[in-house]
Protein chains: 2
Amino acid sequence: MATRTRTKTHRTERRTDALSRERIIAAAIEILDAGGENALTVRALAAHLATGSGAIYWHVADKGELLAAATDAVIARVMGEIVSGAKPREAIRAVALGVFDAIDVHPWVGAQLFREPWRPAMLEIIESVGGRLQALGVPEAAQFDSASAVVHYILGVAGQNAANARSHTPDTDRSAFLASVAAQWAALDPARYPFVRQMAAQLRDHDDRAQFLAGVDLILAGIETVR
Amino acid sequence: MATRTRTKTHRTERRTDALSRERIIAAAIEILDAGGENALTVRALAAHLATGSGAIYWHVADKGELLAAATDAVIARVMGEIVSGAKPREAIRAVALGVFDAIDVHPWVGAQLFREPWRPAMLEIIESVGGRLQALGVPEAAQFDSASAVVHYILGVAGQNAANARSHTPDTDRSAFLASVAAQWAALDPARYPFVRQMAAQLRDHDDRAQFLAGVDLILAGIETVR
DNA sequence: AGTTGACTGGAACATCGTTCCATTCTATTG
DNA sequence: CAATAGAATGGAACGATGTTCCAGTCAACT
């Protein structure tokens, strides 16, 4: 009802830059990438497309549907780039890294992936990981739990990254942000937080991406012990 | 500036049910538990406390601070209940389950934990997990990555649970919701989603809590391979 | 008694998502 | 070819939200 119903006859475009669900989603992605989640308002979108809000709501039901569609589009693009011929273990790492990098570029994807799982984007990830686990020889009884563990871990890092990206508006002061958190950690009460204090030094100059991959390897190692 | 500055002299309460940061946070938790995240509006909170919004903003800076404080309160309570004498492995499982159960009862905690990490609540979790990993004999070089993996996994499940709780308003139709997702999964194209299709049957009647714990064990097993 | 300042309550503001509707334009019909 | 139906548009308007502002209140101190 909210989508365009093209009856049977050919239909020429009303104007050269006619609105369409695809154009709206593309514009939404642009705005989200440029200014983050808060920047995507219906008014900003309408201005960006030189139209009114009513026109947008004719093509899209919700703002939620818009965010979901934008997320699906980004994740589908990432998943399409995974080479299917690679060895299972490498493929899983590639999928995980693909999602990680996608969220690094589009932090809002992390938040959305988190807000509404059970959607096409998540399905792609589960299928991609789960299929490779089967190829790895994980016994059937452990496949569900194993895939769930990997996906939930990816999801957890996704959210963390999205939150971090929200904390430091551009991306230049990322190291400054990390240093600030590290300083806070280092200043904690040694009696109450001995571990966190010890980690403060490592936190300052650790590589998110490498640590993420280390976690994936850790889980894969754990899965292999079940075999 | 936004918090009450109590100079040096003693100060008797203005009225028996005087407002205070603690009372406001407690009321916020009540509203959140009763109606979910959307139910917590400043107006609803003011009505619940029989006051105006201005009075609330005198004690609390933001709605964000309110949510963060409520989350910290819930998590701190959970962490306080962990028996410190247990064996490290059991203690980690207890911490994980504590967080899981807390989010099961207060789904909004999951969303908030996700939205703003690097807060007291998260510190408690990291410290609690990390300290036990040290006790487990995890080599120092692997401690940071290992703790990060466990915490991110917990975080991922937390968000998932919160999202699920948002999908089915009460808690009775949880099985109906799972059945619905399972049906969707079963109806997928077998060529494109063979793995997800196979998991559909298990999804219908799996135990979230048991699966969560299985994931924790999986990661712990992986961590032990590094030792 | 008067003054100070912590504290309150509610009106008011800006912004958001969403709905509604008069209007435009194209493709079809008579 | 004129008329009509309906897809598509643009913007005004509505209700709700977070937040700010401010005139007032009350208790403790001078």
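Every chain is numbered from 1 and lettered A, B, ... according to where its sequence line falls, protein lines coming before strand lines.
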Visitor: Is the count of non-hydrogen atoms from other residues, nucleotides or ligands lying under 6.0 Å from A:N38 atom CG greater than 12?
Guide: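 No, CG of A:N38 has 12 or fewer neighbouring heavy atoms, counting only those of other groups under 6.0 Å.
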
Visitor: Of all the choices, C:dT8, D:dT17, D:dT9, which nucleotide is nearest to the side chain of B:A55 once you look at every atom?
Guide: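 Output: C:dT8.
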
Visitor: What is the separation between atom CG on A:N38 and atom C1' on C:dA14, rounded to the nearest whole Å?
Guide: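 About 15 Å, once rounded to whole Å.
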
Visitor: Taking donor-acceptor contacts at under 3.5 Å, does the side chain of A:S53 reach the base of D:dA12?
Guide: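 Yes, a donor-acceptor pair under 3.5 Å.
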
Visitor: Expressed as a whole number of angstroms, how long is the span from A:W58:CH2 to D:dG6:C1'?
Guide: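 Between C1' of D:dG6 and CH2 of A:W58: 9 Å.
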
Visitor: Kindly compute the distance separating NE2 (B:H106) from CG (B:D33), expressed to the nearest 0.5 Å.
Guide: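 So the NE2 of B:H106 and the CG of B:D33 are separated by 5.0 Å.
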
Visitor: Take the protein atom CD1 of B:I56 and the nucleotide atom P of C:dA6, then report the distance between them rounded to whole Å.
Guide: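 Taking atom P of C:dA6 as the reference, CD1 of B:I56 is at 20 Å.
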
Visitor: Please report the shortest heavy-atom distance between A:H206 and A:R174, naming the atom on each side.
Guide: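 A:H206 and A:R174 have their closest heavy atoms at O-NH2, 3.8 Å.
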
Visitor: Working to the nearest 0.5 angstrom, can you tell me the gap between A:L97 CG and A:I92 CD1?
Guide: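 One gets 12.0 Å once the value is rounded to the nearest 0.5 Å.
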
Visitor: Please say which of B:I103, B:L113, B:V99 ends up in a side-chain contact (heavy atoms from CB on, under 4.5 Å) with B:I154.
Guide: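 Testing B:I154 for a side-chain contact (heavy atoms from CB on, under 4.5 Å) against B:I103, B:L113, B:V99 leaves exactly one candidate, B:V99.
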
Visitor: Of all the choices, D:dT9, C:dT18, C:dC16, which nucleotide is nearest to the side chain of A:D62 once you look at every atom?
Guide: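 Ranking D:dT9, C:dT18, C:dC16 by closest atom to the A:D62 side chain puts C:dT18 first.
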
Visitor: Would you say A:V74 and A:V105 make side-chain contact, with heavy atoms under 4.5 Å?
Guide: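 Sidechains of A:V105 and A:V74: no contact.
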
Visitor: Charged N to carboxylate O under 4.0 angstrom, B:R192 versus A:E127?
Guide: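 Salt bridge flag = no for A:E127 with B:R192.
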
Visitor: With nearest nucleotide decided by heavy atoms, which residue, B:K63 or B:G54, maps closer to the 5′ end of DNA chain D?
Guide: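 Whichever sits nearer the 5' end wins; that is B:K63.
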
Visitor: Could you give the CZ-to-P distance, from B:R43 to C:dA11, as a whole number of Å?
Guide: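 About 11 Å, once rounded to whole Å.
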
Visitor: Grab the CD1-P distance between B:I31 and D:dG18 for me, whole Å please.
Guide: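 These atoms are roughly 11 Å apart.
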
Visitor: Taking only N and O in the side chain of A:H59, is any of them less than 4.0 Å away from OP1 or OP2 of D:dT9?
Guide: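 For D:dT9, OP1 or OP2 has a side-chain N or O of A:H59 closer than 4.0 Å.
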
Visitor: Nearest-Å distance, CD (A:E22) to P (D:dA8)?
Guide: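 In whole Å, D:dA8 P lies 12 Å from A:E22 CD.
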
Visitor: What's the CZ-P distance between B:R21 and C:dC7, to the nearest Å?
Guide: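 So the two atoms are 14 Å apart, to the nearest Å.
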
Visitor: Just checking A:L66: base, sugar-phosphate only, or nothing, at a heavy-atom cut-off of under 4.0 Å?
Guide: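 Counting heavy atoms under 4.0 Å across all strands, no contact is made by A:L66.
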
Visitor: What is the separation between atom CD on B:E65 and atom C1' on D:dG18, rounded to the nearest whole Å?
Guide: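 The answer, rounded to whole Å, is 14 Å.
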
Visitor: Does B:L45 reach a base, just sugar-phosphate, or nothing at all? Heavy atoms under 4.0 Å.
Guide: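 The residue B:L45 makes no contact with any strand.
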
Visitor: How does DNA chain D read in dot-bracket, base by base from 5' to 3', with Watson-Crick or G-U pairs under 3.5 Å and | used when the partner is on another strand?
Guide: ||||||||||||||||||||||||||||||

Visitor: Looking at D:dT19, C:dT18, D:dA8, which one has an atom nearest to any side-chain atom of A:V42?
Guide: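 Within the option list, the nearest is C:dT18.
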
